[in-house]
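Input: a single structure, listed below in structure tokens.
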Amino acid sequence: MQVTPMIWLITIAVTILFFVYEFFAHVRKPHEPSIAESARWSAFYIGLALLFGVGIGTVSGWTFGGEYFAGYLTEKALSIDNLFVFLIVMAGFAVPKKYQQKVLMIGIIIALILRGGFIAVGAALIENFSWVFYIFGALLLVLAYRQAFSSHESNPADGKFMTLVHRVLPVTDEYHQDKLTVMQGGKRFITPMLLTIIAIGFVDLIFAVDSIPAIYGLTNEAYIVFTANAFALMGLRQLFFLIGGLLERLVYLAQGLAVILAFIGVKLVFHALHVNELPFINDGQPLLWVPEIPIWLSLLFITATIVVATAASLLKTRGNENKEDRRQMHGEPVTTAGPHDRDEDPDKTFTANISK
């Protein structure tokens with residue numbers, strides 16, 4: 001792709017402007033978004049992302065357009081997986097719903113900044129060392145295994161990192177509106193709000209490790225990598241409130257993502273063998289007989305995997321709901337709600353969690 005420095009500057013500037021608008025138009029005044037507001041803005045950002053992909057295909061060719069759409073779908077699915085952990089973090093810190101927008105907004109901005117750094121490093125490595133594809137491929141295969149058997153039960157709010165942060169920094173026991181710090185007794189304290197944002201940032205760093213190698217397995221174009229990530233993160237805040245209840249029903253999303261990561265990992269290893277320069281593999285010569293997986297097949301596979309994982313999840317959870325309804329009709333006990341569904345006092349919940 002022919003991407004000039006001016007195009008890069010314009011793209012980054014427009015991305016920043018979108019987030020600035022989001023903050024002043026929706027986040028600055030604390031409130032819980034309505035379903036209509038969330039649906040409207042989610043549709044807008046998804047539509048914008050699709051139009052951008054059509055623009056890339058029209059201007060630069062549909063090979064690049066296909067790479068963008070495959071990358072966008074993968075990053076969107078991984079971003080939705082992020083929402084699971086965001087949900088757990090905010091439940092662990094008992095963030096009041098009207099302040100959750102601010103936490104999500106800052107968390108998404110941190111994610112974009114971190115991914116931008118990883119994109120630059122990845123582009124430099126790919127440009128100078130073809131063997132990095134072996135590393136990316138192996139990393140994705142390991143991450144796919146971990147993703148397949150991962151559980152979203154663990155709460156980052158109770159992890160060692162946050163325990164260390166709490167020991168080092170003075171933290172208040174309750175929220176002070178959406179303030180990040182507050183003065184008490186002549187001493188500056190950080191609030192649970194800031195502690196939640198630190199936890200979200202730490203989670204973002206971990207997720208960037210699998211996000212960037214995954215999309216570099218679909219395209220070598222740093223511009224496509226950046227824009228696919230930016231559009232995947234745009235509208236994520238609204239999507240959180242739109243499908244918050246649906247998140248719990250996507251029980252097979254982790255397994256679907258594991259399949260996608262494994263597929264891209266294999267694709268990267270194949271590509272590494274096809275451009276091989278390592279002297280201990282085939283005497284440093286490329287293995288041209290190794291097949292290259294075309295982008296149309298990648299796009300088809302990723303789309304089909306997401307559809308199957310979503311459909312299977314909804315069928316599974318619908319069956320569970322029907323079983324619980326039957327049990328309730330017969331007077332049997334039913335499954336209790338998750339921690340974020342309980343009507344608890346946020347300050348008491350936070351104090352209980354942080355005192356562990």
Just wondering, are more than 12 heavy atoms of other shown residues or ligands nearer than 6.0 Å to [atom1] in [X]?
X: Met183; atom1: CE; value: yes
X: Gln2; atom1: CD; value: no
X: Asn128; atom1: CG; value: yes
X: Trp296; atom1: CH2; value: no

Legend entry - Residues which pass salt bridge (charged side-chain N to carboxylate O under 4.0 Å, His left out) with Lys102, listed by chain and number, not counting sequence neighbours: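 Lys102: salt bridge (charged side-chain N to carboxylate O under 4.0 Å, His left out) contacts with Asp178.
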Inset, instruction - Taking salt bridge (charged side-chain N to carboxylate O under 4.0 Å, His left out) as the test, write out the residues that go with Glu67, two or more places apart. - result: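 So Glu67 forms no salt bridge (charged side-chain N to carboxylate O under 4.0 Å, His left out) with any residue.
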Shared ILVMFWY cluster between [X] and [Y], side chains joined below 4.5 angstrom?
X: Ile56; Y: Leu51; result: no
X: Leu50; Y: Val59; result: no
X: Tyr21; Y: Leu17; result: no
X: Val142; Y: Tyr145; result: no

Legend entry - Test item: Ile215 and Phe226 side chains (from C-beta on) under 4.5 Å apart, heavy atoms: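 No; the side chains remain at least 4.5 Å from each other.
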Inset, instruction - Answer yes or no: is there a donor N or O on one side and an acceptor on the other, between the side chain of Thr191 and the main chain of Leu180, under 3.5 Å? - result: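 Yes; at least one donor-acceptor contact below 3.5 Å.
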Legend entry - Donor-acceptor contact present, side-chain Gln147 to main-chain Leu257, <3.5 Å: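 Such a contact is absent between Gln147 side chain and Leu257 backbone.
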Legend entry - Check: Phe52 ring centre within less than 6.0 Å of Tyr68 ring centre: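 They qualify: ring centres under 6.0 Å apart.
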Tell me, please, which residues at least two apart from [X] pass side chain to side chain contact (heavy atoms under 4.5 Å, CB included).
X: Ile7; result: Val3, Thr4, Thr11, Tyr223
X: Ala13; result: none
X: Val121; result: Leu125

Legend entry - Other ILVMFWY residues reachable from Val182 by side-chain steps of under 4.5 Å: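 Traced through the cluster, Val182 reaches Phe189.
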Legend entry - Hydrophobic cluster (4.5 angstrom, side-chain heavy atoms) - remaining members for Leu9: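 Direct or chained contacts put Leu9 with none.
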How many angstroms lie between [atom1] in [X] and [atom2] in [Y], if you round to the nearest 0.5 Å?
X: Leu218; Y: Ile293; atom1: CG; atom2: CD1; value: 10.0 Å
X: Leu139; Y: Ile135; atom1: CG; atom2: CD1; value: 9.0 Å
X: Leu73; Y: Ile260; atom1: CG; atom2: CD1; value: 8.5 Å
X: Thr63; Y: Ile295; atom1: OG1; atom2: CD1; value: 8.5 Å
X: Ile190; Y: Ile198; atom1: CD1; atom2: CD1; value: 5.0 Å
X: Gln100; Y: Met105; atom1: CD; atom2: CE; value: 15.5 Å

Kindly state each residue pair satisfying side-chain hydrogen bond (donor to acceptor under 3.5 Å, both in side chains) with at least one member in [range], sequence neighbours excluded.
range: residues 258-270; answer: none
range: residues 270-279; answer: Ser130-Glu277, Tyr134-Asn276, His271-Glu292, His274-Glu292
range: residues 43-61; answer: Glu22-Tyr45

Inset, instruction - Evaluate the criterion side chain to side chain contact (heavy atoms under 4.5 Å, CB included) for residue pair Thr74 and Phe263; output intermediate values, then yes/no. - result: CA-CA 11 Å; Thr74 301; Phe263 173 81; over 6 Å; no
Legend entry - Residues forming a ring pair (Phe, Tyr, Trp, His ring centres under 6.0 Å) with Tyr216, sequence neighbours excluded: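 Ring pair (Phe, Tyr, Trp, His ring centres under 6.0 Å) list for Tyr216, sorted by chain: empty.
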Would you give me the side-chain donor-acceptor pairs under 3.5 Å for residues 298-311, sequence neighbours excluded?
residue: Ser298; atom: OG; partner: Pro294; partner atom: O; Å: 3.4
residue: Thr303; atom: OG1; partner: Leu299; partner atom: O; Å: 2.8
residue: Thr305; atom: OG1; partner: Phe301; partner atom: O; Å: 2.7
residue: Thr310; atom: OG1; partner: Ile306; partner atom: O; Å: 2.8

